[in-house]
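Here is the structure we will look at.
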Amino acid sequence: FTGDWRQGQIDRIFSGIQYFDWQKLTQIYLPLYKTYYLGVNLGYVSSIRMLFSANEVRMTTVAVIIPCFRDAATLGWAIDSVLAQSHRVNEVIVVNDASPETEAIEAVLEYYPEVRYLVSQTNQGLAATRNIGLLAAKSDVVSFLDADDQLHPEKIRLQLSVLKSDLSVAVTCDVSLFDQPGPRAFDAGQLGRLSVSFFENSKSLLFRNRLTGAALMARRELLLEHGGYDASLRSCEDFDLWLRLLDAKVKVIKLSLPLY
């Protein structure tokens, strides 16, 4: 197919969105283009139905796992960003990695009775701490959040919409950086144009890791099937997981939007 044909098809599809065939997107168009621009302003994200049925999205339960070590000062903001998601999160799991700030962490969690709180008796590192949350989760899908980070309010909804197209994939997104303390004020309009990229083998990450590890979303059983994070690693644990998933023929889909 020529580039002109591809662009013409995309323009035709989204200019006549009321006639859009959702099943065709999932079965034909998504696999066909490795990277393409949908050109939709996500400032109107609440009215967009382009990816998949909202009813299907609501059928899947989601857990967000938050490892915590020296992050008592930022933990509340992280949890607030999960609770503010446009798609309901069924489980919020905080895992304390034998933190010296345990008293302060538990003081924060007194304000969040809905959070499941797990404590490791010894410091095991980020990889093992994420695995503790992964094993404890009861939801179909898991996502991760470091305790000093925050989520865009649309992150879970948008990633889950993509994941629902193919439950055998893993999904990630871009990040935005901020250095001011306090809750992040996200502007939906700042997301701009939606770009989706596909990664199908580890050679695509040969020279550098182009995937955000902390922004991972996948089926819980998929991650368990592939061993979760390597608990022996004290760094690069997310890069290692991406490489193992790709080598196992698990496709990774990246939303080029700053949702994390």
Side-chain angles (χ1 to χ4, degrees), residues 51 57 60-68 78-79 81-82 85 87 89-95 97 125-177 195-202 204-205 208-231 233-260:
L51 290 176
V57 172
T60 304
T61 54
V62 182
V64 174
I65 298 164
I66 307 177
C68 192
I79 296 172
S81 76
V82 177
Q85 291 297 298
H87 183 283
V89 172
N90 303 87
E91 294 180 276
V92 184
I93 303 173
V94 171
V95 186
D97 189 21
L126 181 58
T129 303
R130 285 177 175 165
N131 285 342
I132 291 171
L134 177 62
L135 290 168
K138 299 177 181 177
S139 297
D140 306 315
V141 170
V142 294
S143 187
F144 298 88
L145 172 63
D146 290 346
D148 58 350
D149 294 333
Q150 297 173 44
L151 305 181
H152 188 283
E154 298 292 344
K155 177 185 183 292
I156 297 298
R157 190 183 72 82
L158 288 173
Q159 286 191 307
L160 189 58
S161 294
V162 173
L163 185 64
K164 288 291 291 184
S165 71
D166 184 351
L167 293 175
S168 68
V169 306
V171 186
T172 188
C173 63
D174 274 342
V175 301
S176 60
L177 303 178
S195 170
V196 182
S197 301
F198 293 77
F199 296 79
E200 298 187 25
N201 61 74
S202 60
S204 59
L205 304 182
R208 67 184 179 92
N209 182 9
R210 295 186 286 149
L211 299 172
T212 306
L216 168 66
M217 174 185 281
R219 281 191 308 111
R220 175 177 178 272
E221 293 303 321
L222 176 73
L223 296 183
L224 291 175
E225 177 185 344
H226 294 285
Y229 291 91
D230 185 343
L233 297 176
R234 285 285 181 151
S235 64
C236 300
E237 68 290 324
D238 48 1
F239 193 17
D240 169 78
L241 179 58
W242 289 131
L243 295 176
R244 286 190 287 112
L245 290 175
L246 290 167
D247 283 341
K249 308 302 182 184
V250 175
K251 184 185 296 183
V252 177
I253 301 177
K254 178 182 178 181
L255 298 182
S256 296
L257 294 173
L259 301 174
Y260 185 99

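Just so it is clear, the structure is predicted and the values come from calculations on it, not from any experiment.
A distance of 8.5 Å separates CG of Leu224 from CG of Asn131, quoted to the nearest 0.5 Å. If you take CD on Glu225 and CG on Leu245, they are separated by 10.0 Å, rounding to the nearest 0.5 Å. Taking CD from Gln85 and CD from Glu154, the interatomic distance works out to 7.5 Å, rounded to the nearest 0.5 Å. Taking CG of Leu151 as the reference point, atom CG of Leu145 lies at 4.5 Å (rounded to 0.5 Å). A distance of 6.0 Å separates OG1 of Thr172 from CD of Gln159, quoted to the nearest 0.5 Å. Interatomic distance, NZ of Lys164 versus OG1 of Thr60, reported as 3.0 Å (0.5 Å rounding).
The side-chain hydrogen bond (donor to acceptor under 3.5 Å, both in side chains) search around Ser139 returns Glu91, not counting sequence neighbours.
Put simply, the side chain of Val64 reaches to within 4.5 Å of the side chain of Ile156, judged on heavy atoms. Residues Leu134 and Arg220 are in side-chain contact: their nearest non-hydrogen atoms beyond the backbone lie under 4.5 Å apart. Cys173 has its side chain out of reach of Leu257: every pair of non-hydrogen atoms, C-beta onward, lies at least 4.5 Å apart.
Remark: the Lys155 side chain and the Ser143 side chain contain an N/O donor-acceptor pair separated by less than 3.5 Å.
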Report task. Evaluate the criterion side chain to side chain contact (heavy atoms under 4.5 Å, CB included) for residue pair Leu255 and Val162; output intermediate values, then yes/no. Result -> CA-CA 9 Å; Leu255 298 182; Val162 173; 3.8 Å; yes
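A donor-acceptor pair under 3.5 Å is absent between the side-chain atoms of Ser197 and the main chain of Lys254, judged by distance alone.
Results of the side chain to side chain contact (heavy atoms under 4.5 Å, CB included) test with Leu241 over Asp230, Leu216, Leu211 single out Leu216 as the only residue that passes. If you run side chain to side chain contact (heavy atoms under 4.5 Å, CB included) between Leu126 and each of Asp146, Val95, Asp97, only Asp146 comes through. With Thr61 as reference, Asn90 is the one residue of Val142, Val141, Asn90 to meet the side chain to side chain contact (heavy atoms under 4.5 Å, CB included) rule.
Residue pairs that meet the salt bridge (charged side-chain N to carboxylate O under 4.0 Å, His left out) test with at least one member in residues 236-248, sequence neighbours left out, are Arg130-Glu237, Asp240-Arg244.
Scanning all heavy atoms of the two residues, the minimum distance from Trp242 to Thr212 falls at CZ2-O, 3.4 Å. In this structure, Val94 and Cys68 approach most closely via the heavy-atom pair CG1-CB, 4.3 Å. What you find for Pro67 and Ala147 is that their closest heavy atoms are O-CB, 3.4 Å.
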